[in-house]
Amino acid sequence: MLDKARSLITPSARSNVPPFIVMDVMAAAARIEARGGRVVHMEVGQPAASAPKTARAAAKAALDRGDIGYTEALGIPALRARIARHYADTYGVTVEAERVVVTTGSSAGFILAFLSLFEPGDRVALASPGYPPYRHILTALGCEPVLIPISAQTRWSVTVDALLSAHRRKPLKGVLVASPANPTGTMMRPEDLAALVAAAEAEGIRFISDEIYHGLDYAFPAETAAKFSDNAVIINSFSKYFCMTGWRAGWMVVPDVLVRAVERLQQNLAISVPTLSQLAACAAFDGRDEMDAVKHGYEENRRILVEGLPGAGLTRFLPVDGAFYLYADVSRFTDDSLDFAKRMLEEAGVAATPGLDFDPVHGREFVRFSYAGSAADMHEAVERIGKWLRRVE
Ligand SMILES: Cc1ncc(COP(=O)(O)O)c(C=O)c1O
C-alpha cells in the first residue's frame, strides 16, 4: 500500500528546499535539557520578551468582543494608516496608507513580493551570507537566487560595483538587501543604501529592502529605502522590535502599480491576515516605550559580548551594528562550523548557529550568536566559551 502511494505521490522538485540547520541545534539543545543539562540559548533569532502590553490588551479586548471575522485583504484600514504614520514619525518620509499592505509576518511579504515582481526564471541578487529563506522561497517559486559574496572590504554589504558586475555577467531582475542584516548584524550606511537603490533603479533591477530589524540599530540610525525611491518594495514585521514573532504580523510598502496585484494575490493565498494579530499590531505602536527598554537590554547584551568574547578567545567578529546577532569568525579553530557548534553545545553548554545555515561557501568558518536573551545569559556564555576554548585549544 505504502509502495503504491510512494509511486503515485512524490514531492515536487521545487519543494525540495534545504532544512533550517538551526532547528537541528534546537533539537540537540532540548535533548541536553531533557537530561537535566544547562544550555545557554543563543541559537534562535527570537526576542525573549513578550509583545507590548498595549498589544496584548487590545487582543484581549477583541477576544472579549468576539468579532474576529475576515478583514480587507490589504489589512485593517486603521492599521495601514498607523503604519503609514510610522514612516512620517520615524524617518520623516511620506508613505500613503494606500501603499501599505499588512502581511502574515514578513515571511508572507517575501512570497507576495516575489510573486508580484518576478516571473519564473528571473534572477534575484542576494547577499551571502544571508537569511536562508530568501533563496529557498525564490527557488520554490522558480526564480534563481544569485548569491553575491560580501566581505570586510565592502563592510559586509552588497555594493553598487558587485551588483552591476553580477548584472553584466547575466541580467538580474531584482536585488534584496537587509540592514540590519541576519546573520551578520551589520548595517548599510544610508548613503550606501541610497547609491544601491539608485544604481538598481537605473538598470531596471527591482529593489526589495528587508527592514525587519529596524528599531534595533545601535551603530547609527537605520534608514528606510522608502526614502530613496517610491519604486522600492519595503518589507517589515512586528516580529523583532515589537517582540511579536508568534503573532505572525508584518507589512509591506509597495509601489502604486503593485497594490492591486498584491491585493489579488493576498485575496487568493490568504484571504486576510489574522484579525486578532492585526488589532494587536495596531496597538503595538503605543507600546514603544516598553519596546525601547527591551532594545536597551540588547544593547547591554551586545556590550557584554563585544567586551567579553575577545578575552574568551573569539577575537574576530563582524561589526555588531544592529539586530541581535554577532557573527563570529571561528576559522582559527575549525573549518567545520557544524562540528564546532555541536561541540560547543555538548561541551560548553552554549547553543549557537553554524554559519553554514547562511552561507554555503564561507559558512564553515563562522558561527552566529543571538543576543536576544538576558544579560545573565550573556555573562554565562562568555565564561563558558572562555573555559571551553582554553581547554580545546
Ligand atoms: C532577516 C529576516 N527577515 C525575515 C524574517 C522572518 O520573520 P517574520 O516572518 O517573523 O516576520 C526573519 C526571521 O528571523 C529574518 O531574520
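All heavy atoms count here, side chains included; hydrogens, waters and symmetry mates do not. Bear in mind that the values here come from a model prediction, so they are computed numbers and not experimental data. We count ligands from 1, going down the list as the structure has it; atoms in each ligand are counted the same way.
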Check: Tyr325 N/O within less than 3.5 Å of ligand 1 N/O: no
Aromatic ring pairing Phe242/Phe285, orientation class (parallel under 30°, perpendicular over 60°, tilted between): perpendicular
Contact atoms of ligand 1, heavy-atom distance to Gly105 under 4.0 Å: 9 (O), 11 (O)
Per-residue contact class, Tyr134 against ligand 1 - non-hydrogen pairs under 4.0 Å: side chain
Contact check, side chains of Pro360 and Ser128, non-hydrogen atoms, under 4.5 Å: yes
Residues Arg31, Asp24; criterion salt bridge (Lys or Arg N to Asp or Glu O under 4.0 Å); working and verdict: CA-CA 11 Å; Arg31 283 195 295 275; Asp24 296 341; over 6 Å; no
Part of Ser239 with heavy atoms under 4.0 Å of ligand 1, whether side chain, backbone, both or neither: side chain
Ionic contact status for Arg343 with Glu346, cut-off 4.0 Å: no
Gln46 near ligand 1 by a heavy-atom separation under 4.0 Å: no
Distance-only polar pair, side chains of Asp336 and Thr334, donor-acceptor under 3.5 Å: no
Pro183, Ser237, Ala181, Gly109: member with heavy atom nearest to atom 11 (O) of ligand 1: Ser237
Thr104 N/O to ligand 1 N/O under 3.5 Å: no
Tyr327 vs Phe369, ring-ring contact (aromatic ring centres under 6.0 Å, His included): CA-CA, chis, key distance, verdict: CA-CA 6 Å; Tyr327 203 50; Phe369 293 95; 9.7 Å; no
Pair Trp156 and Phe317, ring centroids less than 6.0 Å apart: no
Centroid-centroid distance, Tyr134 to Phe110, less than 6.0 Å: yes
Element-labelled atoms of ligand 1 that are located less than 4.0 Å from some non-hydrogen atom of Arg248: 8 (P), 9 (O), 10 (O)
Identity and separation of the nearest protein heavy atom to atom 9 (O) of ligand 1: Ser107 OG, 2.5 Å
For atom 4 (C) of ligand 1, the protein heavy atom that lies nearest, with its residue and separation: Ser106 OG, 3.2 Å
Check against ring-ring contact (aromatic ring centres under 6.0 Å, His included), His214 and Tyr91: CA-CA 11 Å; His214 277 214; Tyr91 310 100; 5.8 Å; yes
Ligand 1 contact on Phe238 by region, counting heavy-atom pairs under 4.0 Å: neither
Close-contact set for ligand 1 against Asn182 heavy atoms, below 4.0 Å: 1 (C), 15 (C), 16 (O)
Nearest option to atom 1 (C) of ligand 1, as decided by whichever heavy atom of Asn236, Asp210, Ile235 sits closest: Asp210
Aromatic ring proximity, centroids under 6.0 angstrom, Phe366 and Phe358: no
Enumerated ligand 1 atoms positioned under 4.0 Å from heavy atoms of Phe110: 3 (N), 4 (C)
Closest protein heavy atom to atom 14 (O) of ligand 1, given as residue, atom name and distance to 0.1 Å: Lys240 NZ, 2.8 Å
